[in-house]
Amino acid sequence: MAVTIAKVYAPGEVERKWYARWLEKNLFTADPRSDKPPFSMVIPPPNITGSLHLGHALNNTLQDIMARFKRMQGYNVLWLPGIDHAGIATQNVVERRLKEEGMSRDALGREKFVERVWKWKEESEGTIINQLKRLGASCDWTRLKFTLDSTLSMAVREVFVRLYKEGLVYRGDYIINFCPRCSTALSDLEVEHAEKDSLLYHIEYPVKGGGSIVVATTRPETMLGDTAVAVNPRDSRYKAFAGKAVELPLVKREIPIIEDAAVDMEFGTGAVKITPAHDFNDFETARKHGLPCLKVMDLNARMNENAGAYAGLTREEARNRITEDLKKEGLLKKEEKYRLLLGVCYRCGTTVEPTLSKQWFVKVGPLAKPAIEAVEEGSIRFVPKSWEKTYFEWMGNIRDWCISRQIWWGHRIPAWYCEDCGRVTVETRDPSRCEACGSEKIAQDPDVLDTWFSSALWPFSTLGWPEETVEGGVFYPTSALFTSFDIIFFWVARMIMMGLKFKGDAPFRDVYIHALIRDAAGQKMSKSKGNVIDPLVMMEKYGTDALRFTLASFAAQGRDIKLAEERIEGYRNFANKLWNLARFALMNIEGAPLSPAAPEKLTRADKWIMTRLSSAIEEVSSSIDNYEFDTAAKAVYSFIWHELCDWYVELIKPDLRGERGGERKTFVEGLLINVIKDTLKLLHPFMPFITEEIYSYLPGVAAGIMEAGLPGPAGGYPEDADGMEVVMEVIRAVRNIRTEMNIPPGAALDCTAFTKNASLTGILREEEANIKNLARLRELRVSGAGERPKQAAFAVTRGIEVFVPLKGHVDIEKETLRITRELEKLSSEISDVDKKLGNRDFTANAPSAIVEKERGRLSLLMEKKVKLEAGAERIRGLR
RNA sequence: GGGCGGAUAGCUCAGUUGGGAGAGCGCAGCCCUUACAAGGCUGAGGUCACAGGUUCGAUCCCUGUUCCGCCUACCA
C-alpha cells in the first residue's frame, strides 16, 4: 500500500488548502485562560493603504517562525494582528482619488470626507491582511485591531487627557515643520533631509546713519519677515554697527542689529538676517533677544498680507521677484553656488516650511528618562545590542513632540475651546460646557493627532486598555517586538515611553531589530528604480515556503539583506528536495506499523542520524531563542540535505529493498518515518505549508503538524556517530580516488584498508556492507598489517590507509602528482604546527589543553605523512 | 559636525568569550545510479582592506589610514 505522490512539489494549491484548514481549526487563536506559559507579540501594524512588500514579508516571516516555534514548544502564543489608520498617507490616497473624480476634500466637507475614507478603509484593508495570510502568518485574526477602533480610540483619549492634566501635553506657539502640500504640521521625525543645489544670496542692508551690512542667506524671500540682523560680538568688522538699525530693503522697515555669539564669523559674510517666524534657529535667537516674530507666509507657503507687494505669490515666485527687485536696487551683491540640506515631507517629498504656529506638543523629557533607564537596566533588551546606543543617542537629545495634525483622518484632539472665556476643556468624554465658565458655546479642536501617538499605545491599547482585561493581564508585557531600525524613534521609543507611563512596565522584553532588504546590487528597492522584487510574485512562482526560507536564511543580525531572485529559486529546490525525500520514503514503506524504540536494533547508521537530528534540534532551538534565524535555517537545511538525504537515505536503501531481511526493513521503515516526522516538525516554523502537507501523508499521524509538539533533544549516541563519520571518510576517500583517476562511477573496484587500531578495524568490518555499497566496491579487506598492494591508488584518512588496486591501470604520473600535492599541503601544515610547538613561549603560556591538542594534531599529521611518503615510494618503484 | 555599521573564496554572507579559515550560489570534471537533473559524486579557489600595537599566538582586542553604506545635526 505504498503511497505515491507527485514527482515535483506544487506549492500553490497546498498552501491555500492548509491555511484555510488552520483557520477552520482555530489553531492561531490564543486562549487567555490557558495554563500554558504565555508568549505574545503585537504585529507592527501595516498601513491600510499598504500592499505587502519584502519588508513586510521579512518582518512577518520572522515573527511567524517565532510564533509557530513557541507554539510547538508548548507556549500559549498570542500574535496579535492589526492595521494602522496612517493619517497623512491615507488621507493623501483618498484625496488623490477625489481629485481624479474632479472633487476635493474641501468641497466635500469634513464629515463626508471622513465617511469616504472609512469606505475606502473597508475596501482596502482586506488587501494586506490577505497578503499576510498568503505568507502563512499565524496571527490570531479573531483579535484583529485597527487603530481607530472605538476601544483603541478610547485609549488615545485617556492618554491624551492624563498627559494634559499632568502638564505633559500642552498647546503653544512654536515654530514647527509644516508641509504645504499635505497642509499639516509634522513632527521633526517626519521631515527628511535631502541635499539640493541652490544659491547663497548676499544682500546689502543699509545701516541707519550711514554704511551698510551685507547678509548671506539661502532664502531671500523670507527677508520680508526679518526682525533683526545678527553679528558675532567678537567680529571687529561689525563692531561699529552694534546697537544700530538697518532699513530692510523693499519693505523699508527698520530692524535692529544685534550681537549673538552663535553667529559663525567664517560663514558667508558673518552677518545673518533673523526671520523668527520661518526659521528654527532664528526663532530661538528671537526668543533669546526678545525680538518680535513676523509671519510672511500662510500655511500654503504663499506670501501673506505682511509681504506687502509680494502678497499672494508662492514662495518660489516670491524668491524670483525679490531677487530681481534687489538686483534693480543694486542690493543683491552676490549669488554663489551652494549645496544645502533641505527638509522635505516624508510622505510627499514637498519642501517643508518652518512656520510659527499654535500646535499641541508632548513634553517628552519626563517620559524619556524612565524609558532610557528601562533599557539601561535591561528590563528591555535590544537585539542586536548595538541598537541600544542609537536609542540612547536619540532619547538623550529628544525634543518636544508636535502631535497635532491639520488633517481630518485620525483621532480628533479631545480639546474644546470656549467662545465666551477662551479657555480650553480637555476631557475623555465630549463635554457639553466649558469647564471654566460653564458656557455651552464650545467647539472641538479641528485637528487630529499624529498617527504615531496612537501607535505608541499599540502594545496595550490592543489588549483592551484602559479596561482591565484578562488578555492585558496575561499577555502584557509582550515577549518580543520585531521591527526594523528605521522606526526605532518613530515607534519603538514612543511605545516604551507610553508603556512605562501608563502600564508601569515595558511594553516588551526584547526588541529584535531585523535587516532592511535591498536588491542584489545593494540598492534600496523602489518602484522608480524598477528593482522591486514583489513577494507575491515570488510566492506564486516559487512557493511561499521558498520565499520564507530565503528570508530567514538571510536574516543575519546587523546587516542588510541583498536579495536576488536566484536565492529564492535555490530554496525552492530545497523544498523540492524535501518533497522527494518524502516521496522516496512513502514509495518504499509497506505501511508497516511503527517500530517502538528498540535501541538494541539500531545500526551505527541509525544511531548516527538520530544523533545528528538531535543536534540539529538543539541548534535550531537555541538559535531561534537568540533570534539567529539564519543560523537556525542553515542548520535545518544542512541536516536535511547533507546528512539525511545525502547519507542516511543512501545508507538504508538496501534495507528498504529488503536486502537485509524483512525485520530490518520493517524496523528501518519505522525509523525513517520517525526521523522524517521530527525533521518536518523542526522545519515547520520556517516552511509551514510543505511540512504540513508531507506530514499529512505519513502513517500514524492523527492531528496536524501544527498541533504536534516539538521533539526535545535526545542526546543521541556520540561514540557511534563518530564511528560513522570514519566510515564516511573512507567512502569519500574511495570516491575521490575514483574521480581523480578517471574511473567510471560504475566500474567495480576492490579496496584494502590498513589500520592497526582495533576499534577502527571493528567498525570497518561491521560497516563493510555500507562501505561497499556507497563506495561501489566489489570487495573490502580490512587488515592490521601486511604487504601494501602494488599498482594501487591510495589515501590516508583518520590513520586508515585506503588502497584501491587498479590492476595495471594506475596512471603512475597522475597518482604521483596527486600524492605529491597532498604531501605538499601536509608539509606546510606540519611546519606550522611544528613551529608553534617549538616555541617555548607557546608551550609555557598557552593552556595545556591547547598544547596537547596541537601535539596530538602534529602526531596525526606526521603519521599521515609517513604513510603517504611510503606510498609515494612504492609508486616510484613501479616506474 | 557628531555617531554607527561594513571591508573574509568569482558573488552573497557566516565565523558569540583570541588557539587548526566555513556555507550557499557560481565555476570545473565526471555521472540520466529506479526519491529528486529543481538531481548525484568529486574538485579548484582566500598574505581574512592597509599600517602599527597588545599577546607565546590576532580574521577576532586596541590605535591609525583608505574605501563603502547608513543614521543624526540649528553654518544662515
Side-chain angles (χ1 to χ4, degrees), chain A residues 5 7-9 193 200-201 215-219 222 230 262-275 279-285 338 340-341 354 384 386-387 389-390 393-394 397 485-486 488-489 516 518 520 522 524 542 546 553-554 556-564 566-567 569-588 626 628 630-631 634 637-638 642 645-646 649-650 653 657 731-732 735-740 742-746 774 776 829 832-833 836 839-847 849-851 853-854 857 861:
Chain A
I5 60 177
K7 194 169 170 179
V8 171
Y9 174 58
H193 298 274
L200 189 62
Y201 303 85
V215 300
T217 181
T218 54
R219 301 206 58 195
T222 64
V263 176
D264 184 349
M265 297 191 292
E266 309 296 318
F267 187 86
T269 61
V272 56
K273 66 190 210 45
I274 303 296
T275 321
D279 185 283
F280 280 87
N281 283 327
D282 296 357
F283 182 73
E284 287 306 314
T285 310
Y338 186 68
L340 80 160
L341 270 183
S386 54
W387 289 108
K389 195 161 180 181
T390 307
E393 189 90 15
W394 188 68
N397 302 309
F485 68 85
D486 51 341
I488 289 179
F489 304 148
L516 215 63
R518 298 167 184 284
K524 234 176 171 171
Y542 301 110
S553 301
F554 278 77
Q557 288 182 8
R559 208 186 252 272
D560 287 346
I561 298 178
K562 292 182 194 169
L563 192 68
E566 299 86 82
R567 307 280 157 243
E569 191 183 351
Y571 289 109
R572 185 270 318 257
N573 295 354
F574 172 59
N576 195 50
K577 184 78 182 174
L578 179 73
W579 181 255
N580 275 284
L581 166 68
R583 179 166 178 262
F584 170 79
L586 293 170
M587 275 165 57
N588 279 283
N626 291 317
E628 290 163 350
D630 57 324
T631 311
K634 277 163 190 163
Y637 177 97
S638 162
H642 298 307
C645 291
D646 286 354
V649 165
E650 296 304 324
K653 274 181 178 172
R657 285 194 295 261
I731 293 167
R732 274 195 209 102
R735 284 172 172 174
N736 178 293
I737 287 171
R738 199 186 278 275
T739 300
E740 298 276 321
N742 285 331
I743 298 161
L774 295 188
R776 297 203 156 214
E829 258 186 272
D832 283 352
V833 183
K836 201 179 230 180
N839 183 346
R840 218 165 268 156
D841 289 326
F842 173 70
T843 48
N845 293 316
I850 298 291
V851 178
K853 200 173 147 195
E854 290 297 311
R857 203 179 136 215
L861 290 170

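Chain letters run A, B, ... following the sequence lines, proteins first and then strands; every chain starts at 1.
Side chain of A:Arg735, nearest nucleotide from B:C75, B:C41, B:C56: B:C41. For A:Ala846, taking side-chain heavy atoms from C-beta onward, the closest of the listed nucleotides B:U42, B:A73, B:C56 is B:C56. Between B:G24, B:A76, B:U33, one nucleotide has an atom nearer to the side chain of A:Arg776 than all others, and that is B:U33. When each of B:A35, B:C71, B:A76 is scored by its nearest atom to the side-chain atoms of A:Phe489, the top-ranked nucleotide is B:C71. In the set B:A35, B:U16, B:A38, the nucleotide with an atom closest to the side chain of A:Glu628 is B:U16. Residue A:Glu650 has its side chain nearest to B:A35 when only B:C56, B:A35, B:A76 are considered. Side chain of A:Phe842, nearest nucleotide from B:G29, B:C56, B:C36: B:C56. Closest contact between the side chain of A:Phe485 and the listed nucleotides B:A38, B:C70, B:G19 involves B:C70. In this structure, the nucleotide among B:C56, B:A35, B:U42 sitting nearest to the side chain of A:Asn580 is B:A35. When distances are taken from the side chain of A:Arg583 to each of B:C36, B:G24, B:U42, the shortest belongs to B:C36.
The two residues A:Cys645 and A:Glu650 come nearest to each other via the heavy atoms O-CG, 3.9 Å. What you find for A:Arg219 and A:Pro354 is that their closest heavy atoms are NH1-CD, 4.1 Å. Nearest heavy-atom pair, A:Val263 versus A:Gly270, reported as atom, atom and distance to 0.1 Å: CG1-O, 3.4 Å.
In this structure, B:G1 and B:U72 make a Watson-Crick or G-U wobble pair, each of the two defining distances being under 3.5 angstrom. Here B:C13 sits opposite B:G22 as a Watson-Crick or G-U wobble pair (both hydrogen-bonding atom distances under 3.5 Å). Under the Watson-Crick and G-U wobble criteria, each requiring two contacts below 3.5 Å, nucleotide B:C50 is paired to B:G64. With a cut-off of 3.5 Å on both Watson-Crick or G-U wobble distances, the partner of B:G57 is given as none. Nucleotide B:A28 forms a pair with B:U42, judged by Watson-Crick or G-U wobble geometry with both contacts under 3.5 Å.
Atom CH2 of A:Trp387 and atom P of B:U72 are 10 Å apart (whole Å). Rounded to an integer number of Å, the gap from CG of A:Leu341 to P of B:A73 is 10 Å. Here B:C36 presents its C1' atom at 14 Å from CG of A:Leu586, a figure rounded to the nearest Å. Going from atom CG of A:Asp630 over to atom P of B:G22 covers 19 Å, rounded to whole Å. As rounded to whole Å, 7 Å separates atom P of B:G43 from atom CD of A:Glu740. A:Lys836 has its NZ atom 5 Å from the C1' atom of B:G19, to the nearest Å. The separation between A:Asn397 atom CG and B:G1 atom C1' is 14 Å, rounded to whole Å.
Using modelled atom types, one side-chain atom of A:Asn397 and one backbone atom of A:Glu393 make a donor-acceptor pair closer than 3.5 Å. A distance-only check finds no donor-acceptor pair linking the side chain of A:Asn626 to the backbone of A:Glu628 [under 3.5 Å].
Both the sub-6.0 Å distance and the 45° axial angle are satisfied by A:Lys653 relative to the ring of A:Phe584.
B:C60 and B:A7 have their P atoms separated by 11 Å, with the value rounded to a whole Å. A distance of about 15 Å separates the C1' atoms of B:A44 and B:C30, rounded to the whole Å. B:C11 sits 13 Å from B:G45 when the C1' atoms are compared, rounded to a whole Å. Taking atom P on both nucleotides, B:C25 is separated from B:C41 by 12 Å, rounded to a whole Å. A gap of 12 Å separates the P atoms of B:U8 and B:U47, to the nearest Å. The separation of B:C67 from B:A51, taken at their C1' atoms, amounts to 15 Å, rounded to a whole angstrom. When the C1' atom is compared between B:G20 and B:G57, the two are found 13 Å apart, to the nearest whole Å. Distance noted for atom P between B:A58 and B:G18: 13 Å (whole Å).
At the heavy-atom level, A:Phe574 lies nowhere under 4.0 Å from the strands shown. Residue contacts for A:Thr390: at a heavy-atom cut-off of 4.0 Å it reaches no nucleic acid atom on any strand shown. Nucleic acid contact for A:Val215: none, since no nucleic acid atom lies under 4.0 Å from a heavy atom of the residue. A:Asn736 comes within 4.0 angstrom of sugar-phosphate atoms only, judged by non-hydrogen atoms across all strands, and of no base. Within 4.0 Å of A:Pro847, counting heavy atoms only, lies at least one base atom of the nucleic acid. The residue A:Tyr637 sits close only to the backbone: its heavy atoms come under 4.0 Å of sugar-phosphate atoms, none of a base. Among the protein residues, A:Val833 comes within range of no part of the nucleic acid, since none of its heavy atoms lies under 4.0 Å from any strand. Looking at heavy-atom distances under 4.0 Å, A:Arg572 makes contact with a base. Among the atoms of the strands shown, base atoms are found under 4.0 Å from some heavy atom of A:Asn576. Among the protein residues, A:Ala844 comes within range of no part of the nucleic acid, since none of its heavy atoms lies under 4.0 Å from any strand.
The side chain of A:His642 contributes no N or O atom lying less than 4.0 Å from OP1 or OP2 of B:A23. At the phosphate of B:C25, neither OP1 nor OP2 sits under 4.0 Å from any side-chain N or O atom of A:Arg567. Look at A:Asn588 and you won't find any side-chain N or O under 4.0 angstrom from OP1 or OP2 of B:A35. Within the structure, every side-chain polar atom (N or O) of A:Lys634 is placed at least 4.0 Å from both OP1 and OP2 of B:A23. OP1 or OP2 of B:A76 has at least one side-chain nitrogen or oxygen of A:Tyr338 nearer than 4.0 Å. Within the 4.0 Å cut-off from OP1 or OP2 of B:C36, at least one side-chain nitrogen or oxygen of A:Lys7 is found. OP1 or OP2 of B:G39 sits under 4.0 Å from a side-chain N or O of A:Asn573.
Not a single donor-acceptor contact under 3.5 angstrom links the side-chain atoms of A:Glu393 to the base of B:A73. With hydrogens and angles left out, the side chain of A:Lys389 and the base of B:C4 share no donor-acceptor pair within 3.5 Å.
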**Derivation and outcome, side-chain contact (heavy atoms from CB on, under 4.5 Å), residues A:Asn580 and A:Arg583** = CA-CA 5 Å; A:Asn580 275 284; A:Arg583 179 166 178 262; 3.6 Å; yes
**Request:** Just do the side-chain contact (heavy atoms from CB on, under 4.5 Å) check on A:Trp387 and A:Ile488 with the steps written out, would you?
**Result:** CA-CA 9 Å; A:Trp387 289 108; A:Ile488 289 179; 3.7 Å; yes
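Side-chain rings of A:Tyr542 and A:Tyr571 stay apart, their centers remaining 6.0 Å or farther from each other.
Where A:Asp279 and A:Lys853 meet RNA chain B, the nucleotide closest to each residue was compared, and A:Lys853 sits on the side nearer the 5' end. Mapping A:Asp646 and A:Glu566 onto RNA chain B via the closest heavy atom, the residue that lands nearer the 5' end is A:Glu566.
Side-chain contact between A:Thr218 and A:Leu200: present, with at least one pair of heavy atoms (C-beta onward) separated by less than 4.5 Å.
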